[in-house]
Amino acid sequence: ARLEAEGLFAQALKRPLPTAPSCIGVITSPTGAAIRDILNILARRFPAARVVIYPSAVQGKEAVGQLLEAVATAAARAECEVLIIARGGGSLEDLWAFNEEVVVRAVAAFPVPIVVGVGHETDVTLAEFAADVRAATPSVAAELCVPSRIDLDAQLLTLRGRLADS
């Protein structure tokens, strides 16, 4: 309630995601299923985007400190146009790092649009409320960050046809 009263979750502060980012940052465990899903979806949908992984524990005692360090690194390096923070599902205890006030504030203060996809569809954390976009799962987070290559190909064919007709 306090964070909401401070405006950290305000819809007016939400930024739109870039249409076709050239670089996407991902904060998650480098060994979990979430990173494999994210990389697979990004490569399939929009292989032109470069992906930078900022590794972090996403549960346990080290998670909060590593998440903060990864967010700070991503902000300092300023190389990505959008940032995904993600992890798969788990118990409330497993997801708790994403409810910690310092993590929520870091998400809200991040300088570029940020998508948080933590857990499964029914899991919700405070970091997701602070993000520009909440994704139901890590896979959905990846899908929201890039256009579909198939859709882009169809648009290109349409434009080629219009150009040929004129």
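Source: prediction; values computed, not measured.
In this structure, the side chains of Leu17 and Pro113 come closer than 4.5 Å at one or more pairs of heavy atoms. Residues Ile35 and Val26 meet the side-chain proximity criterion, which asks for heavy atoms closer than 4.5 Å. Taking the side chain as every heavy atom from C-beta outward, Ile84 and Ile24 approach each other to under 4.5 Å. At a threshold of 4.5 Å between non-hydrogen side-chain atoms, the residues Val64 and Trp96 do not count as touching. Residues Leu39 and Ile53 are in side-chain contact: their nearest non-hydrogen atoms beyond the backbone lie under 4.5 Å apart. Proximity of Ser22 to Glu81: side-chain heavy atoms (C-beta onward) are separated by under 4.5 Å at one or more points. Looking at heavy atoms from C-beta onward, Arg134 lies out of side-chain contact with Val115 at the 4.5 angstrom threshold.
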| said: Could you walk me through whether Arg15 and Asp132 satisfy the salt bridge (charged side-chain N to carboxylate O under 4.0 Å, His left out) test, starting with their C-alpha distance in whole Å, then the side-chain angles of each, then the deciding distance to 0.1 Å, before giving a yes or no? | reply: CA-CA 6 Å; Arg15 298 165 292 191; Asp132 294 293; 2.7 Å; yes
| task | Could you please spell out the steps behind the salt bridge (charged side-chain N to carboxylate O under 4.0 Å, His left out) verdict for Glu6 and Arg105? | result | CA-CA 11 Å; Glu6 288 180 34; Arg105 289 186 183 283; 2.9 Å; yes
| task | Give the intermediate values and the outcome of side chain to side chain contact (heavy atoms under 4.5 Å, CB included) for residues Val71 and Val107. | result | CA-CA 8 Å; Val71 169; Val107 168; 5.5 Å; no
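Across all their heavy atoms, Arg45 and Val146 have their closest contact at NH2-O, 3.1 Å. Nearest heavy-atom pair, Ala127 versus Val116, reported as atom, atom and distance to 0.1 Å: O-CG2, 3.9 Å. Residues Tyr54 and Cys80 come closest through the heavy atom pair OH-SG, 3.7 Å. Of all non-hydrogen atoms in Pro147 and Ala20, the two that sit nearest each other are CD-CA, 4.1 Å. Between Arg77 and Val52, the closest heavy-atom pair is NH2-CG1, 4.0 Å.
Between the side chain of Lys14 and the backbone N or O of Ala131, at least one donor-acceptor pair lies under 3.5 Å. The closest donor-acceptor contact from the side chain of Glu128 to the backbone of Thr125 lies under 3.5 Å. At distances below 3.5 Å, at least one donor-acceptor pair connects side-chain atoms of Thr28 with backbone N or O atoms of Ala86. Side chain of Asp165 to backbone of Arg162: no donor-acceptor contact under 3.5 angstrom is found. For the pair Gln66 (side chain) and Ala57 (backbone), a donor-acceptor distance under 3.5 Å is present. With hydrogens and angles ignored, the 3.5 Å screen pairs a side-chain donor or acceptor of Asn99 with a backbone N or O of Leu126. In this structure, the side chain of Arg87 engages the main chain of Gly89 through a donor-acceptor pair within 3.5 Å.
By the rule that hydrophobic residues join a cluster once side-chain heavy atoms approach within less than 4.5 Å of another member, Phe98 and Phe129 end up as members of separate clusters. Following chains of ILVMFWY side-chain contacts shorter than 4.5 Å, one cannot reach Leu42 starting from Val112, and the two form parts of different hydrophobic clusters. Leu8 and Ile85 fall into different hydrophobic clusters, defined by Ile, Leu, Val, Met, Phe, Trp and Tyr side-chain heavy atoms under 4.5 Å apart, directly or through other members. Linking Ile, Leu, Val, Met, Phe, Trp and Tyr whenever their side-chain heavy atoms come within less than 4.5 Å puts Val51 and Ile38 in one cluster. When hydrophobic clusters are built by joining Ile, Leu, Val, Met, Phe, Trp and Tyr residues whose side-chain heavy atoms come closer than 4.5 Å, directly or via intermediates, Leu95 is grouped together with Leu67.
Atoms OG1 and CZ, from Thr19 and Phe46 in turn, are 9.5 Å apart once rounded to the nearest 0.5 Å. Separation of atoms SG (Cys145) and CD1 (Ile41) is listed at 11.0 Å; rounding is to 0.5 Å. Note that CG of Leu156 and CZ of Arg160 are 4.0 Å apart. Values are rounded to the nearest 0.5 Å.
At a cut-off of 3.5 Å, with distance as the only test, a side-chain donor of Thr31 or Ser29 sits close to an acceptor on the other residue. Donor-acceptor pairing under 3.5 Å is lacking for the side chains of Ser56 and Glu69. Inspection of the Thr158 and Gln155 side chains reveals no N or O donor paired with an N or O acceptor under 3.5 Å.
Atom CD of Glu79 has more than 12 heavy atoms from other residues, nucleotides or ligands within 6.0 Å.
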